[in-house]
Number of protein chains: 2
Amino acid sequence: MAAEVRHTNRRGEILDHASRLFSAHGYDGTAIRLIARASGVTEAAIYRHFDGKAQLYDEVIRAKAREHDIAGDLAASRGCGDVEDVLRVVANHVLSLAHRDPELVRLMSNSSLENDQGRATIFREVRSPYIEFLVEEITRRMAAGEVRRIDPVITSRCFVGMVMDCALNAGMWSRFAGAEVDAQTVVCNNVPIFARGLTNDGATAPFNDGV
Amino acid sequence: MAAEVRHTNRRGEILDHASRLFSAHGYDGTAIRLIARASGVTEAAIYRHFDGKAQLYDEVIRAKAREHDIAGDLAASRGCGDVEDVLRVVANHVLSLAHRDPELVRLMSNSSLENDQGRATIFREVRSPYIEFLVEEITRRMAAGEVRRIDPVITSRCFVGMVMDCALNAGMWSRFAGAEVDAQTVVCNNVPIFARGLTNDGATAPFNDGV
DNA sequence: GGACAGAGTCAACGTTCGCTCACCTCGTTC
DNA sequence: GAACGAGGTGAGCGAACGTTGACTCTGTCC
């Protein structure tokens, strides 16, 4: 990270402005001309640094995803607490990420069809770390009898999807329902529901049927 | 006389082709020229029927939303079965809607920033009916003691969000994990988890604390 | 001090965009 | 049968688009 700081930061500046504009207006809605003007250079200068619009967009996505070490953050909580704690860690991380980096949220909900590769990149870099962490935790806790017998992959994908959808559409909620709901309230409401649905009752034997 | 008047349907034809193209390439990615060519007319003809591109897009969204009577479908299941049945009805309806009308799914995930009004329309016409149905069901069952004390609005929004995210990103799943997961498997896995998290234990008294 | 490469500008290219205009062709109405 | 409005055409507008080529400036290396 510190090694990248050359004495000309133009490339980074362009990437920053492009990230902001792409996230605000989408891929098709952002002209190279706009990025150039925002970066204080001409359009031709942008083509000195990037091969074209598509490649610039791809670099923006990749740089944005690399800003966060999601898997690394989650690794610290590996094996800690009960399954409710695990869900809470994931949900809180997603929602705080969305709060810290609104551009990322917009890029995620923007890169739907325009530039399908960008969408795949975001999916792989942002969503997958959460899912993989959850799958691992749930699988281990299922073997230990803490979690009932469910499909860890489907369950993890859907839980992450629920939290992502919440982060992406929080703005829409307030527009229709009026009252703003903060992230912590959502977590406090939903994580226990999901956790309760996942955990074995104390009365039930951990291994009630074979694998 | 009345049998040959099918070509008075130009407006509807244009809407159909516009719907297909907008859902395939997004708002900015779809040129009026393309819609005209697909509809077998010139661009000028489109401007006879619609005020402009933005209004055409809005009409597409509105027509698409009106194709389905989500609230009406759900009303038939009002008050039936236990809370698990209610969740299953909602999840199955969302997933079958997505299966029957892929264009709608694409429009939903496409209309992100481009034309924000279109996004709000889809949100109101497609998502809200599910949420309102769930809120009503959960609230009633909470009062009856079947469901634990949770926030019905947040819970409903998040459940619907989970299912929508599943419907929207099912294509992405298979690309990364390889194995395709069909909708019914997802419902069978997740609805019981959520339902179990919502329902009161049999051992617990229905009203264990005041409202 | 000359060669060279990177970074930047300026001007323009060919194309496509949303949109409009003048005109045509009907079926209906008075 | 004249008038008329709805629906359609073909040509073309001005603007914006992504992209490129020729050129300049400025360090750095041999």
Side-chain angles (χ1 to χ4, degrees), chain A residues 3-61 63 107 110-111 113-118, chain B residues 1-61 63 107 110-111 113-118:
Chain A
E4 253 324 289
V5 186
R6 301 289 188 96
H7 62 98
T8 352
N9 218 11
R10 264 293 148 75
R11 199 188 141 92
E13 282 179 29
I14 295 173
L15 270 177
D16 280 349
H17 287 106
S19 176
R20 185 171 49 81
L21 290 168
F22 277 137
S23 87
H25 308 113
Y27 179 77
D28 286 322
T30 302
I32 295 280
R33 230 145 240 172
L34 269 178
I35 300 174
R37 210 164 301 157
S39 309
V41 295
T42 60
E43 306 163 65
I46 290 189
Y47 285 88
R48 293 276 171 218
H49 293 280
F50 305 95
D51 283 344
K53 191 182 182 182
Q55 194 240 335
L56 171 57
Y57 185 73
D58 210 56
E59 293 247 14
V60 163
I61 299 273
L107 281 174
N110 249 352
S111 63
L113 247 170
E114 41 186 42
N115 209 313
D116 194 53
Q117 186 176 348
Chain B
M1 338 172 167
E4 294 291 326
V5 204
R6 289 214 314 176
H7 267 284
T8 322
N9 226 7
R10 266 292 147 75
R11 199 188 140 93
E13 282 180 28
I14 294 173
L15 271 177
D16 280 349
H17 287 106
S19 176
R20 183 171 50 82
L21 290 169
F22 277 138
S23 85
H25 309 112
Y27 179 78
D28 286 322
T30 302
I32 295 280
R33 233 154 271 217
L34 268 178
I35 300 174
R37 210 165 300 158
S39 308
V41 294
T42 59
E43 302 163 68
I46 290 187
Y47 286 88
R48 294 277 171 214
H49 293 281
F50 305 94
D51 284 343
K53 190 182 183 182
Q55 194 240 337
L56 170 57
Y57 184 73
D58 210 56
E59 293 248 15
V60 163
I61 298 272
L107 282 174
N110 250 352
S111 62
L113 246 172
E114 41 186 42
N115 210 310
D116 194 52
Q117 186 176 348

Can you list the residues that meet the side-chain contact (heavy atoms from CB on, under 4.5 Å) rule with [X], with sequence neighbours excluded?
X: R37(B); result: R33(B)
X: R48(A); result: none
X: F50(B); result: R11(B), I14(B), L15(B), I46(B), Q55(B), L56(B), E59(B)
X: A54(B); result: Y27(B), N115(B)

Tell me the interatomic distance from [X], atom [atom1], to [N], atom [atom2], rounded to whole angstroms.
X: N9(B); N: dG8(D); atom1: CG; atom2: C1'; result: 16 Å
X: R11(B); N: dG8(D); atom1: CZ; atom2: C1'; result: 16 Å
X: I46(A); N: dT20(D); atom1: CD1; atom2: P; result: 14 Å
X: F50(A); N: dA7(C); atom1: CZ; atom2: C1'; result: 13 Å

Original post:
According to a strict under-4.0 Å criterion, is R10(B) in side-chain N/O contact with OP1 or OP2 of dG7(D)?
Top reply: no
**OP:** State whether H49(B) places a side-chain N or O below 4.0 Å from either non-bridging phosphate oxygen (OP1 or OP2) of dA6(D).
**Re:** no
Review item, nucleotides 17-21 of chain C N/O atoms under 3.5 Å of protein N/O:
residue: dG18(C); atom: OP1; partner: T30(B); partner atom: O; Å: 3.4
residue: dG18(C); atom: OP1; partner: K53(B); partner atom: NZ; Å: 2.6
residue: dG18(C); atom: OP2; partner: I32(B); partner atom: N; Å: 3.0
residue: dG18(C); atom: N7; partner: R33(B); partner atom: NH2; Å: 3.1
residue: dG18(C); atom: O6; partner: R33(B); partner atom: NH2; Å: 2.6
residue: dC19(C); atom: OP2; partner: Y47(B); partner atom: OH; Å: 2.8
residue: dC19(C); atom: OP2; partner: K53(B); partner atom: N; Å: 2.9
residue: dC19(C); atom: O5'; partner: Y47(B); partner atom: OH; Å: 3.4
residue: dC19(C); atom: N4; partner: E43(B); partner atom: OE1; Å: 2.7

Subject >> For T30(A), all residues meeting side-chain hydrogen bond (donor to acceptor under 3.5 Å, both in side chains), sequence neighbours excluded >> reply: none
Subject >> Any side-chain heavy-atom pair of V60(B) and S23(B) under 4.5 Å >> reply: no
